[in-house]
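First comes the structure, then the notes that go with it.
Residue numbers run from 1 in the order of the sequence given. Note that the structure is predicted; figures quoted are calculated from it, not measured.
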Amino acid sequence: MSDSDASYDDYCASDDSDAMSGSDADEYLVLDDETYGDLAAGEDETPAVAYRSLDAADVRERQRDAVARVTAVLQIPPEEAAPLLRAHQWNVNHLNDSWFADEAGVRAKAGLEPPASDYAASTSTSRGSPQLGSESLEGKQTCQVCFEGFTRTALTNCGCGHDFCEQCWSGYLEAKVDDGPSCLDARCPHAGCATRVPESFFTNETHTKLSAASRAKHARFSWRSFVDDNPRVKWCVAPGCERAISVLSSRIGPTSAVDVACKCGAFFCWACAEDAHRPVDCATVRRWLVKNSAESENMTWILAHTKPCPKCSRPIEKSTGCMHMTCSQCKHEFCWMCLGAWATHGERTGGYYACNRYERAKSSGAPTFSEEEKKRAAAKHSLERYTHYYERWAAHGGSQRKAVADREEWETRKLRRLGDRQNTPPSQLRFIVDALAQIAECRRVLKWTYGFGYYHFEGGESAKKRFFEFAQADAEETLEHLTEAVETELETFLTETRDAAEFGAFRGKLAGLTDITHKYFDTLVVEIERGFPSVAEETETPGEPAESDRDETRRGSETTATRGPDGVIRRISRGIREAVIGNGESVASRTRSRAPDP
């Protein structure tokens, strides 16, 4: 891989990333109007990701900033700027361009009345400058909903001339708020009128149209709309988390599959909002998760391990060694092997533990028998294959959760204990937390390689499949060295008396293992995403080619693997083995300069 290749580390940009700072970041967040064509341009490099985790105060600040910019440029009140921005997905540049191209059309689409100067020419009611005491606005009117009389004011209509009494307005607005965020786009109650209800009708405390609880709910909908309607910002998926993630790169669109991290600790996919799953694409993840929860696997198990009763067709599982079966529903007795009536069986058919009829039918290749056996064998093979991948997917998932829990335990309790025993401040023990974080991340990657392998190598043997399985197994072995160092060696420093020199050597070793493991998985992830382009695709069919040719193919694929992209993985793997097994001081000596003195 060249230095220009995208690194796995690019996807783990911290919340304080300096990729875009200050006003540049904000400009990108609300002003950028570039399409996401960079991703579709066929570039080989995976785009680097810079993102920022925002709390509620940050979201409100950016929302106010966007409204202020629009207000300053378009010379309109904030009450009109907010709905216009929502209609344009909080993209200030897009709104400005549309406004200057067709102001009337933009106003009409958002349900805003023409400017006050234009509107005053056709009606005496001006929402832009209400005249509460004027004779032109006040007067007796009949409510168009309840038909009760009321006094008309500037607050009894949206500026469109359709007046309603205060009680009807209250009921209408309360119902709109109860409907949810759609209340932000509420229109005049009059049939066929598209005029937007002014935001002041919901927020002005001097009005009695809304209760305090409904006003608070409307305010919450209002500030959350900056995320809900903005394709460059998404909510964190963690339960109860009120933070949002903003992507600061124009190359990342709403459906770009990149992993982002929230300050709450959640790590998820930007595109599908599932748990982070790089290097596996979102479509494969969806298929795998659906399969894990689908009833189809139950039917596959039933087909593979049961047979239908010949009389009532209920599925029956064989639980003992005897071939004499009795259906628990209809009490029909039959032979498990050939499904014939048990009354016709005896010594001539082979007795209780064999069935000559079954063997004769099997050897004769009867069409019905062969078809049933093929279906059953295929179902059993499919189930065994799925079980193989699922068990390992689930095992690495459990190990990932344990690594996360261990990291939290070290951060909250064990770091201080270790610091007291080694006379070292906790700030100089962060290499332990980094190692546990790397273990959790590697477990996540390994977990999803099994979902990837299940769907991408469903056919026969191939060079890419053999290399993938080699790299996968090698990655698991590599990670075990780091895991053992944390779970076994590190714990001894909490329970035994060890001197500072031993701890310093271990610190250098663990920091080095963490760094090398990170580079290993960085290479593995990028190569999986690219589909191992340097490994020649050679599909094998059972029986073809001959054994000698197959051996030659294997030797050729191994040569390809040595010279191809996996050569990098082999070299890194060899380095970590030398560090842990052959020469325990090599990693420590290379990384001691990175570790602070005890």
Side-chain angles (χ1 to χ4, degrees), residues 7-9 12 14 396 399-446 471 473-525 567-598:
S7 170
Y8 181 51
D9 190 39
C12 301
S14 67
H396 282 297
S399 298
Q400 177 192 0
R401 291 188 291 273
K402 180 181 182 302
V404 172
D406 289 345
R407 178 187 177 184
E408 293 176 355
E409 184 179 14
W410 272 96
E411 286 186 306
T412 57
R413 187 169 60 88
K414 289 187 175 181
L415 277 186
R416 187 174 297 277
R417 283 178 51 198
L418 182 62
D420 292 340
R421 292 184 67 91
Q422 298 296 327
N423 194 26
T424 303
S427 60
Q428 295 185 15
L429 300 176
R430 295 299 301 177
F431 69 95
I432 297 175
V433 177
D434 294 340
L436 287 166
Q438 185 62 52
I439 291 173
E441 175 63 12
C442 292
R443 292 294 182 188
R444 181 194 65 77
V445 171
L446 284 173
D474 206 40
E476 290 177 323
E477 185 176 353
T478 298
L479 179 59
E480 288 305 319
H481 293 308
L482 177 60
T483 303
E484 183 179 0
V486 172
E487 295 183 352
T488 303
E489 296 182 57
L490 178 60
E491 290 294 330
T492 62
F493 289 95
L494 284 174
T495 58
E496 302 175 7
T497 301
R498 308 282 292 274
D499 58 35
E502 290 179 302
F503 183 70
F506 173 77
R507 175 169 53 193
K509 176 182 177 179
L510 185 61
L513 286 174
T514 303
D515 183 60
I516 293 177
T517 303
H518 169 76
K519 292 178 180 178
Y520 187 107
F521 277 81
D522 181 18
T523 303
L524 176 63
V525 165
V568 180
I569 296 178
R570 282 184 180 274
R571 287 194 296 274
I572 298 176
S573 177
R574 190 179 304 116
I576 198 170
R577 279 159 180 70
E578 290 176 356
V580 178
I581 301 173
N583 181 10
E585 294 296 321
S586 59
V587 170
S589 62
R590 288 197 301 269
T591 59
R592 192 177 301 278
S593 60
R594 299 174 55 227
D597 295 332

Closest non-hydrogen atom pair between Arg407 and Ala437, with its separation: NH1-CB, 3.6 Å
Taking the side chain as C-beta and beyond, is there a heavy-atom pair between Glu476 and His396 under 4.5 Å? yes
Quick check: do Leu446 and Phe521 have side-chain heavy atoms less than 4.5 Å from each other? yes
Taking side chain as C-beta onward, heavy atoms only, is Leu510 less than 4.5 Å from Phe431? yes
Check side-chain hydrogen bond (donor to acceptor under 3.5 Å, both in side chains) between Glu409 and all other residues, then give those that pass, not counting sequence neighbours. Arg413
Are any of the side-chain heavy atoms of Glu489 and Lys509 separated by less than 4.5 Å? yes
For the CD atom of Glu480 and the OG atom of Ser399, what is their distance to the nearest 0.5 Å? 7.5 Å
Glu487 with Lys402: basic N within carboxylate O range, under 4.0 Å: yes
Spatial distance of atom CZ (Arg443) from atom CD1 (Ile439) [nearest 0.5 Å]: 7.5 Å
Given 3.5 Å as the limit, does a donor-acceptor pair link the side chain of Tyr520 with the main chain of Thr478, or not? no
CG on Leu482 to OG1 on Thr517, rounded to 0.5 Å: 4.5 Å
Please examine the side chains of Ile432 and Arg507, heavy atoms only from C-beta on, and report whether any two atoms are closer than 4.5 Å. no
Is there side-chain contact between Leu418 and Thr424, with heavy atoms separated by less than 4.5 Å? no
Can you tell me how far the OG1 atom of Thr492 sits from the CZ atom of Phe503, to the nearest 0.5 Å? 10.0 Å
To the nearest 0.5 Å, how far apart are CD in Glu408 and CG in Leu436? 11.0 Å
Residue list, ring-ring contact (aromatic ring centres under 6.0 Å, His included) with Phe506, at least two apart or on another chain: Phe493
Would you indicate whether the side-chain heavy atoms of Gln422 and Arg417 approach each other to under 4.5 Å? no
Would you check, one step at a time, whether the test side chain to side chain contact (heavy atoms under 4.5 Å, CB included) holds for Lys519 with Thr523? CA-CA 6 Å; Lys519 292 178 180 178; Thr523 303; 5.5 Å; no
Could you measure the distance from the CG atom of Asp420 to the CG atom of Leu494? Nearest 0.5 Å is fine. 10.5 Å
Sequence neighbours left out, what passes salt bridge (Lys or Arg N to Asp or Glu O under 4.0 Å) with Glu502? Give chain and number order. Arg498
Would you check if Asp406 and Lys414 make a side-chain contact, meaning some heavy-atom pair closer than 4.5 Å? no
Between Arg421 and Glu496 (salt bridge meaning N to carboxylate O under 4.0 Å), is one present in this structure? no
